[in-house]
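Model, not experiment: these values are computed from the prediction.
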Amino acid sequence: SRAAHLAGERERALELAESAIERLRDTDALLWQADALLDLAETRRLLGDEPGAQEAAAAAVRLYALKGSEVAAERAKASFPTARGVRSSP
């Protein structure tokens, strides 16, 4: 059915976003990690998981700030206003 197909695409989108984070987690590429977390936040938001989106965005903001990328941190905060880098896990 169409509903099952769409559900499968939603699950796949989430799997891809989470997979990118896992691949980058043990690297020193903090900006790429933050970008992947922001992608996950956007995916979660599109799938209707606003708390999960805010959590991933907050993790991205923390990494952007840690790397000193204030522009990227502010961009993330603009898209996810309640994501202020509060300690959480994606």
Checklist entry - Where do Arg75 and Val71 land on the side chain to side chain contact (heavy atoms under 4.5 Å, CB included) test, with the steps shown first? => result CA-CA 6 Å; Arg75 185 188 77 225; Val71 171; 5.6 Å; no
Checklist entry - Are Phe80 and Val61 close enough, and set up right, to give a side chain to side chain contact (heavy atoms under 4.5 Å, CB included), and what steps lead you there? => result CA-CA 10 Å; Phe80 297 89; Val61 168; over 6 Å; no
Checklist entry - Given Arg12 and Glu15, is the salt bridge (charged side-chain N to carboxylate O under 4.0 Å, His left out) satisfied, shown in steps? => result CA-CA 5 Å; Arg12 182 70 179 139; Glu15 287 172 8; 3.8 Å; yes
Item to check | Test log, rule side chain to side chain contact (heavy atoms under 4.5 Å, CB included), inputs Thr43 and Asp49 | outcome: CA-CA 9 Å; Thr43 301; Asp49 178 11; over 6 Å; no
Next on the checklist: Evaluate Leu63 against Leu31 for side chain to side chain contact (heavy atoms under 4.5 Å, CB included), listing each step before the verdict.
Outcome noted: CA-CA 7 Å; Leu63 288 179; Leu31 292 178; over 6 Å; no
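Between Arg44 atom CZ and Glu42 atom CD the span is 12.5 Å, to the nearest 0.5 Å. Atom CD of Glu50 is separated from atom CD of Gln54 by 4.5 Å, given to the nearest 0.5 angstrom. One distance of note links OG of Ser69 with CG of Asp35; it measures 8.5 Å at 0.5 Å rounding.
Side chain of Arg10 to backbone of Leu47: a donor-acceptor contact under 3.5 angstrom is found. Judged by distance alone, the side chain of Arg45 and the main-chain N or O of Ala53 form no donor-acceptor pair under 3.5 Å. At least one donor-acceptor pair closer than 3.5 Å links the side chain of Gln33 to the backbone N or O of Thr27.
For the pair Leu30/Tyr64, no side-chain contact is recorded, criterion being any heavy-atom separation below 4.5 Å from C-beta on. Contact of the Leu66 side chain with the Arg62 side chain is not registered, since no non-hydrogen atoms from C-beta on lie closer than 4.5 Å.
Taking every heavy atom of both residues into account, Ala73 and Ala65 meet most closely at CB-N, 4.5 Å. The shortest heavy-atom contact between Ala60 and Leu38 is CB-N, 4.0 Å.
Counting Ile, Leu, Val, Met, Phe, Trp and Tyr side chains that sit under 4.5 Å apart, directly or through other members, Leu24 shares a hydrophobic cluster with Trp32.
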